[in-house]
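So that the names make sense, note that chain A is the first sequence line, chain B the second, and so on, each numbered from 1.
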2 protein chains.
Amino acid sequence: MNNDKVKPTASELEILNILWSKGPSTVREIHEVLELNKDAGYTTTLKLMQIMNEKNLLKRDETTKSHVYSANVSKERMQGQMVKGMIDTMFNGSASQLVMQALGNHKANAKELDEIRKYLDAMDKKK
Amino acid sequence: MNNDKVKPTASELEILNILWSKGPSTVREIHEVLELNKDAGYTTTLKLMQIMNEKNLLKRDETTKSHVYSANVSKERMQGQMVKGMIDTMFNGSASQLVMQALGNHKANAKELDEIRKYLDAMDKKK
DNA sequence: TTTGTCTTACGAAATAATTCGTAGGTTAAA
DNA sequence: TTTAACCTACGAATTATTTCGTAAGACAAA
């Protein structure tokens with residue numbers, strides 16, 4: 001049951017995002033959300049989700065006529081994987097470089113900055 | 001001269017990384033670095049760089065027999081673009097969420113954390 | 001001059017990702 | 001029971017990306 005290091009394509013990520021926010025859904029439900037932003041046929045969405053299922057990116061419940069799919073990877077795990085990839089390929093392995101790039105270009109508001117500070121303090125305390 | 005929003009593939013990114021660190025180089029020079037980690041023929045590297053040139057990801061100087069290529073987009077700009085993409089697709093548009101994910105999983109050392117704190121303070125002062 | 005080495009250009013094969021048409025099954029309403 | 005509206009599976013077309021072979025020119029050493 002190989003499940004590691006599976007790197008979703010951009011289209012697959014769109015589907016995962018919908019599943020993460022809506023929870024378990026049928027192809028039809030996912031397709032309706034996708035249709036809002038792009039146009040593609042229903043069977044395209046179906047096929048994509050079937051492939052994602054084979055790759056173990058999704059799992060599905062076949063007990064009902066319309067199969068119900070859900071993400072088989074947590075959003076957090078995927079975020080971690082992608083952030084790591086980014087740090088490795090674009091920031092010479094330095095997390096703090098990425099952090100500063102992120103803060104520099106996308107102004108977080110005062111509340112967010114405060115959250116980050118608290119986070120930093122908590123990390124200090126921990127070790 | 002369309003140059004915006006060009007999203008490099010993984011292979012293209014490898015080449016850009018080498019150019020960013022080595023500076024202007026010939027295909028041969030880039031190819032030798034690439035060969036250290038993967039194997040691919042010389043003309044593969046050549047073709048890739050030619051395509052990148054067409055896409056304006058690279059520019060080239062043809063005055064010498066061996067053309068000299070250089071990155072036509074700065075590393076910083078590309079970092080910004082990619083971080084933005086990541087924030088939009090995986091972190092609901094919140095930079096600070098990405099920051100915390102990055103800090104949580106990749107322990108920066110004390111010195112780095114300090115840098116970040118200074119960075120935060122500087123941002124506060126600014127506005 | 002001839003040969004060998006290196007270069008670019010370019011067409012096209014190989015591989016990967018996306019898209020879609022069609023066949024066949026289930027179900028519910030007419 | 002017939003029809004209409006769904007659903008899944010699946011092969012195959014389309015498009016994108018990566019890879020490579022081959023041709024043709026430049027150049028230097030023999």
Pick from A:R60, A:K65, A:K59: which one makes a salt bridge (charged side-chain N to carboxylate O under 4.0 Å, His left out) with A:E62? A:R60
Quick check: does any side chain N or O of B:D61 sit under 3.5 Å from a backbone N or O of B:V68, one acting as donor and the other as acceptor? no
If you take any heavy atom closer than 4.0 Å to DNA chain C, which residues from residues 62-71 of chain B end up in contact? B:K65, B:S66, B:H67
Can you confirm whether A:K84 is buried at NZ, in the sense that more than 12 heavy atoms of other residues, nucleotides or ligands lie under 6.0 Å from that atom? no
Any side-chain N or O of B:T9 below 4.0 angstrom from OP1/OP2 of D:dT17? no
In whole Å, I'd like the distance from the CG atom of A:L13 to the P atom of C:dT18. 11 Å
Find out whether A:I30 and A:Y69 are in side-chain contact, i.e. whether some heavy atom of one side chain is under 4.5 Å from a heavy atom of the other. no
Let me know the distance between CE of A:M52 and P of C:dA16, rounded to the nearest Å. 18 Å
Nearest 0.5 Å please: distance from the CG atom of A:L57 over to the CE atom of A:M78. 5.5 Å
Between A:Q50 and D:dT8, is there a contact of a side-chain N or O with OP1 or OP2 at under 4.0 Å? no
To the nearest Å, how far apart are B:I15 CD1 and D:dT19 P? 10 Å
Below 3.5 Å, does any donor atom in the side chain of B:K47 face an acceptor in the base of C:dG11, or the other way round? yes
Rounded to whole Å, please give me the gap between CD in A:E54 and P in D:dC10. 9 Å
Nucleotide C:dG11, atom P - distance to CD1 of B:I51 in whole Å: 12 Å
Provide, to the nearest angstrom, the distance between the CD atom belonging to A:E14 and the C1' atom belonging to C:dT19. 14 Å
What integer distance in Å separates A:E12:CD from C:dA17:P? 8 Å
Taking atom types as modelled, find out whether B:S94 and B:N92 have a side-chain donor-acceptor pair closer than 3.5 angstrom. no
Under a 4.0 Å heavy-atom cut-off, which of residues 17-44 of chain B touch DNA chain D? B:A40, B:G41, B:T43, B:T44
In whole Å, I'd like the distance from the CE atom of A:M49 to the C1' atom of D:dC7. 13 Å
Could you tell me whether the phosphate oxygens of D:dA9, OP1 or OP2, come under 4.0 Å of any side-chain nitrogen or oxygen in A:R60? yes
Quick one: does any side-chain atom of A:S21 pair with a main-chain N or O of A:L19 as donor and acceptor, under 3.5 Å? no
A:N17 (side chain) donor-acceptor with B:T89 (main chain) under 3.5 angstrom: yes
NE2 on B:H31 to CD1 on B:I15, rounded to 0.5 Å: 10.5 Å
